[in-house]
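These notes are about the structure you will find just below.
These values consider heavy atoms only, across backbone and side chains, with no hydrogens, waters or symmetry-generated copies. For clarity, every value in this text was computed on a predicted model and none was experimentally measured.
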Amino acid sequence: MDTGGYINEGGQLKTKNGQKYVINNAPRGKYISSFCWYFTIFLVTALLLLAIVLIVLLFNQPRLCTSENGHTNGNSSSLVATGSIFTVSSNGKGTPEPAVANGNSNRNRCSHDPRLNTNRQPSGSARNDDYIDDDSGGGREGAQDDEQDIITRSFGWNPVHYKLVIEPNFDRSINNGTVMINIQRDLSYSQKLLPIILDINQIEILTSQVLDSDGQDIAYDAYYGRNNLSYHFRIKERDEGENLLNLTLLLEFESRLSDTLQGFYKGFFLEEGSTEDKSWFASTQFSPIDARRAFPCFDSPDMKATFEISLVHPAAKQSVLSNTEVVRTSVVRPGFLREDFETTPRMSTYLVAFVISDLQLVQRSEGFTPQINIWSRPEVGRMTSYVQRLTIRILPYLERYFDLKFNMKKIDMVAVPDFGFSAMENWGLITFRESAFLVPEDNNKSSSAKHTERVALVVAHELAHQWFGNLVTPRWWNDLWLKEGFATYMSYECLNFAEKKWRVFETFIQNELQKAFEKDSDKSSHPISFPVDHASDIRRIFDPISYSKGASIIRMMNSFLGGDAFKAGITRYLEKYQYDNAEQEDLWEILTAYGHEYGTLPESLDVKEIMDTWTLQPGYPVITAERVGERTIRITQERYMLPTKDAADETRWYVPITVVTESTKESKEPVEVRWLSFENRTIEMEIEADRDDYVYLNVDRTGYYRVNYDYASWKKLTNNFPNLPPVTRSQLVDDAFNLARAEFIQYDIPLTLIILVSQYPQDIPAWSSLTRGLNYLNDMMSREPVYEAFLAVMRSILRKSFEQLGFEDRPEDDHLQMMHRERIVGLACKFGIDKCSVRAQTLYRRWMTDFRDNQIPPNLKQVIYCTSLRDGGVPEWNFAYKRYKETDSASEKELILSALGCTVKPWLLSKYLNMTLDPSSGILKQDGARAFQSVAKNYVGNDIAFNFLYENIDRISK
């Protein structure tokens, strides 16, 4: 076939003397008709035009309002139950039946800006006791769905009231119980009669019954869900047109009384004066998703209801507590009593709590409302006085701050002898780990300043939860930060009132801001708010992002909105959503209105537009300020990342910029907030400054970002270092070290700051930041050939501060001064100043000669214990372990646990780790993680800890 093509050797059309050369070749390829050819051209053209239109629409409509499917839970998708389920009908016949998929709700919500970097990869970090206070597979990229891990949510029915009777059996490690649940059909969700799905975990349903509003039996099929993690009722339709709006579920069940510190669990403590006699107790830890381990329920934070709880227990047990007060005690059979409690307010299942034990009432407030009852082991009752005094000061402050009265008659505060987390804010019954609650105040066992502050922060955190979390609860766990971030921030507000001399917002920067920066600086970070539908995801988000970053951005909002507008806004938020659930968009709407009303937020901005860039994206920016003229600075934002910056990352934020110059530092006017918008990577600002003035950004370090400067500006700031505010000095040191670490600047700037700070031994904020930098350098240098020279330089830098502060506390020392001494002495001993090491070992050996007389200063115990065990041998280690088993001070136990991991003898470290799995070692389950961390942080113990975890992961996970 003639192709009709015209070619030459180069493949180009060519004529010669006006004549075209035609080459006839054999047919090649496939024949395409003219219709197909024209249709293909038309299709490609149409697709290109469609792509252009979509791109134009995308850039002209940056905010898209969508109808989010699934029960309203922020950004999370609806969940679907899959697989086969064995159905048990009400007539007892079983048939295989497919699971029922959850339906979809149609609540409209304006979604976030699609340009945001919503990288929703959940944190891969393990559970951290410091953060679990109390505590679609979004972010599970590349992972297979673990069926055991999927959370199945129930929609279409809402619980109204529970009547729960439960009896723990300590001998058989089970609970026997009955529960009656009044439920109401949610017609706004669906007009269809959907199945009723209860959450269970290791619960056997013995009998069940469904009644209508007249108390008549209803025909139904009942069956276990996938992996027996739910229990379903499928109601059979009755007469046509009959509305089944209100039903009652009656279930008899058997659940586990576990020893895993989750759900309803059992533990024991040794009776006073005994080394063998055990006193057993049963306590609860239902947050986040473990109420389903104790009784069948709708175990979701948005499924609020009232609870009427009854506990059956051995009559010998002295302490039987729940969220409310006892209204009736009766004998159920010889040797067993039943306690009936008042009905609770409307609340989520994770806040239900009960404790059955022989703990004693050691403190009771008289004439204070609500009544404060403190429970503990009798031998540590003397260590609870500080918490009682603090609680009586903080509660009225929170009532005034929120302009809302606390709504319960009493608060029981219980020091649980074996408790998995720091504390849990159960409404009316707050439970604590002993080390986060007890403060020794007698001379020989007095608490360190650091421990006292930690206890105060935990107590304030839990009290703040009575409003943020209990009264107003996040709709779903993706907005966990709405309760944990606010409780963390408010704990500092509380202590700023109750312990003014502590200057807690200076320590906020060390405890929360820098901790959040560290976690939020790598690619494994996650947004504050992101979809969670797996149990593992829910547990993982109890981390520094939800707590510390959440608190830091709340502090930033308080700064740019102004204290009055912010306070008025959160008060309105609590009033509007009390006894209900909320999402972060609900808070944004209210804060925007008050920001505009008070004139602190530009009318062109709203809080959602600003804060979505902080809550829906991971990471945080570095703001670079460059002087480009006498009165002009160029501001640039880029993401801070480790191990080095990524030029390809285009993440941006709405950044509140505050600027102070040498010429304006004495001004009494509030510092103006200027905005670097999400749309701009770089802007220029006019400032009031002379050519030689220094300039610094982020006043009081309220913004959640780091600041870099051009070299000339860094030099001006270091030259004027003593004249800068304390927080700014601390900020410069911290930012310089971390900017050098990520290769934004050279190390000459942080090294200059080391020399500057070393000249001012009493500059507490700067030293607190410098300590983090020096510890990082030490970790990096410890295996380098020049490490010995590095240590010599560090000793030279530290000697002046160490000699000035010394080992002994002084009567005039305040709270911060005592913690500062511990910091300096710790560095001196770490870097090998002989005088420090010798003094530490002398004090420790003096204690070994008379273990009843510990003369080690409380604020230096952590340093001295660790130094002595590091430089000592087996006798020192064995002595510390023996003291751990014998002391009744929980804070002392934690200090010794940390110190036992300081030894540099590998076989002792291996022995220590294996003891955490041995029940006879005396190391409680709650303390296993601390022991592991102490070994893992030891440079000798890194590999030992990893191998131990690898070999024992199955035992540890159980």
Short side-chain to backbone donor-acceptor contact, Ser768 and Pro765, under 3.5 Å:
yes
Counting distance only, does the side-chain N/O of Arg433 pair as donor-acceptor with the main-chain N or O of Gly420 below 3.5 Å?
yes
With a cut-off of 6.0 Å (strictly less than), are more than 12 heavy atoms of other residues, nucleotides or ligands near OH of Tyr939?
no
Spell out, as yes or no, whether a donor-acceptor pair under 3.5 Å connects the side chain of Ser525 to the backbone of Asp522.
no
Restricting to salt bridge (Lys or Arg N to Asp or Glu O under 4.0 Å), what partner residues turn up for Glu493, sequence neighbours left out?
none
From Leu463 CG over to Gln466 CD, what is the distance, rounded to the nearest 0.5 angstrom?
6.5 Å
Look at the rings of His815 and Trp502 and say which category their plane angle falls in: under 30° parallel, 30 to 60° tilted, over 60° perpendicular.
parallel
Under a 4.0 Å threshold between the charged nitrogen and the carboxylate oxygen, would Arg555 count as salt-bridged to Asp700?
no
Minimum side-chain heavy-atom gap Leu753-Leu756 below 4.5 Å:
yes
Which pair of heavy atoms, one from Arg706 and one from Tyr620, lies closest together, and at what distance?
NE-OH, 3.3 Å
So does Glu894 get a backbone contact from the side chain of Ser898, meaning a donor-acceptor N/O pair under 3.5 Å?
yes
Under the ring-ring contact (aromatic ring centres under 6.0 Å, His included) test, which residues partner Trp847, sequence neighbours left out?
Tyr844, Tyr865, Phe879
Do Arg741 and Tyr747 make a side-chain contact, defined as non-hydrogen atoms from C-beta onward lying under 4.5 Å apart?
yes
Find out whether Leu457 and His461 are in side-chain contact, i.e. whether some heavy atom of one side chain is under 4.5 Å from a heavy atom of the other.
no
In terms of side-chain geometry, is the basic nitrogen of Arg701 or Asp735 positioned less than 4.0 Å from the acidic oxygen of its partner?
yes
Chi angles and distances behind the disulfide bond (SG atoms under 2.5 Å apart) call for Cys829, Cys836:
CA-CA 5 Å; Cys829 286; Cys836 182; 1.9 Å; yes
Distance alone, cut at 3.5 Å: any donor-acceptor contact between the side chains of Arg772 and Gln514?
yes
Kindly list each side-chain donor-acceptor pair under 3.5 angstrom involving residues 392-402, sequence neighbours excluded, with atom names and distances?
from	atom 1	to	atom 2	distance (Å)
Arg393	NH1	Ala498	O	2.7
Glu399	OE2	Phe406	N	3.0

Side chains of Ser546 and Glu484: do they bring a donor and an acceptor to under 3.5 Å?
no
List the residues meeting salt bridge (Lys or Arg N to Asp or Glu O under 4.0 Å) with Glu876, not counting sequence neighbours, and say none if there are none.
Arg845
Answer yes or no: is there a donor N or O on one side and an acceptor on the other, between the side chain of Tyr694 and the main chain of Thr718, under 3.5 Å?
no
Pairwise side-chain contact, Asn738 with Tyr776, heavy-atom cut-off 4.5 Å (strictly under)
no
What is the ring orientation for Tyr489 with Phe566, classed by angle as parallel under 30°, tilted 30 to 60°, or perpendicular over 60°?
perpendicular
My understanding is that only residues two or more places apart in sequence, or in another chain, count here; which of them pass salt bridge (Lys or Arg N to Asp or Glu O under 4.0 Å) with Glu803?
none
Just do the salt bridge (Lys or Arg N to Asp or Glu O under 4.0 Å) check on Glu892 and Arg883 with the steps written out, would you?
CA-CA 9 Å; Glu892 182 79 357; Arg883 299 285 74 78; over 6 Å; no
For Tyr696 and Gln731, test the side chains for any donor-to-acceptor distance below 3.5 angstrom and give the result as yes or no.
no
With sequence neighbours left out, write down each residue that passes side-chain hydrogen bond (donor to acceptor under 3.5 Å, both in side chains) with Gln817, or none if nothing qualifies.
Gln762
Tyr492 side chain near Asn496 side chain, heavy-atom distance below 4.5 Å:
no
Phe560 and Thr658: side-chain contact (heavy atoms from CB on, under 4.5 Å), yes or no, with the steps?
CA-CA 9 Å; Phe560 71 70; Thr658 51; over 6 Å; no
Among residues at least two apart in sequence or on other chains, which ones pass salt bridge (Lys or Arg N to Asp or Glu O under 4.0 Å) with Lys716?
none
Under 3.5 Å, is there a donor on one side chain and an acceptor on the other for His451 and Arg454?
no
Taking only residues two or more places apart in sequence, or in another chain, which ones meet Gln388 in a side-chain hydrogen bond (donor to acceptor under 3.5 Å, both in side chains)?
none
Partners of Asn775 by side chain to side chain contact (heavy atoms under 4.5 Å, CB included), sequence neighbours excluded?
Thr771, Leu827, Lys830
Using a 4.5 Å cut-off on heavy atoms from C-beta on, say whether the side chain of Ile554 contacts that of Trp481.
yes
Could you tell me if the side chain of Ser782 sits less than 4.5 Å from the side chain of Phe790, heavy atoms only?
no
Can you classify the ring geometry of Phe542 versus Tyr547 as parallel (below 30°), tilted (30 to 60°) or perpendicular (above 60°)?
tilted
Ser730 and Ser769 side chains, donor-acceptor separation under 3.5 Å:
yes
Regarding Asp814 and Lys501, does a basic nitrogen lie under 4.0 Å from an acidic carboxylate oxygen?
no
Could you check whether any side-chain heavy atom of Trp614 comes within less than 4.5 Å of a side-chain heavy atom of Tyr704, counting everything from C-beta outward?
yes
Those residues that, when tested against Lys893, pass side chain to side chain contact (heavy atoms under 4.5 Å, CB included) (two or more places apart)
Tyr884, Thr887
With Ser667, which residues qualify under side chain to side chain contact (heavy atoms under 4.5 Å, CB included), at least two apart?
Glu669
Counterpart residues, side chain to side chain contact (heavy atoms under 4.5 Å, CB included), relative to Asn708 (two or more places apart):
Val622, Thr624, Trp714, Leu739, Phe744, Ile745
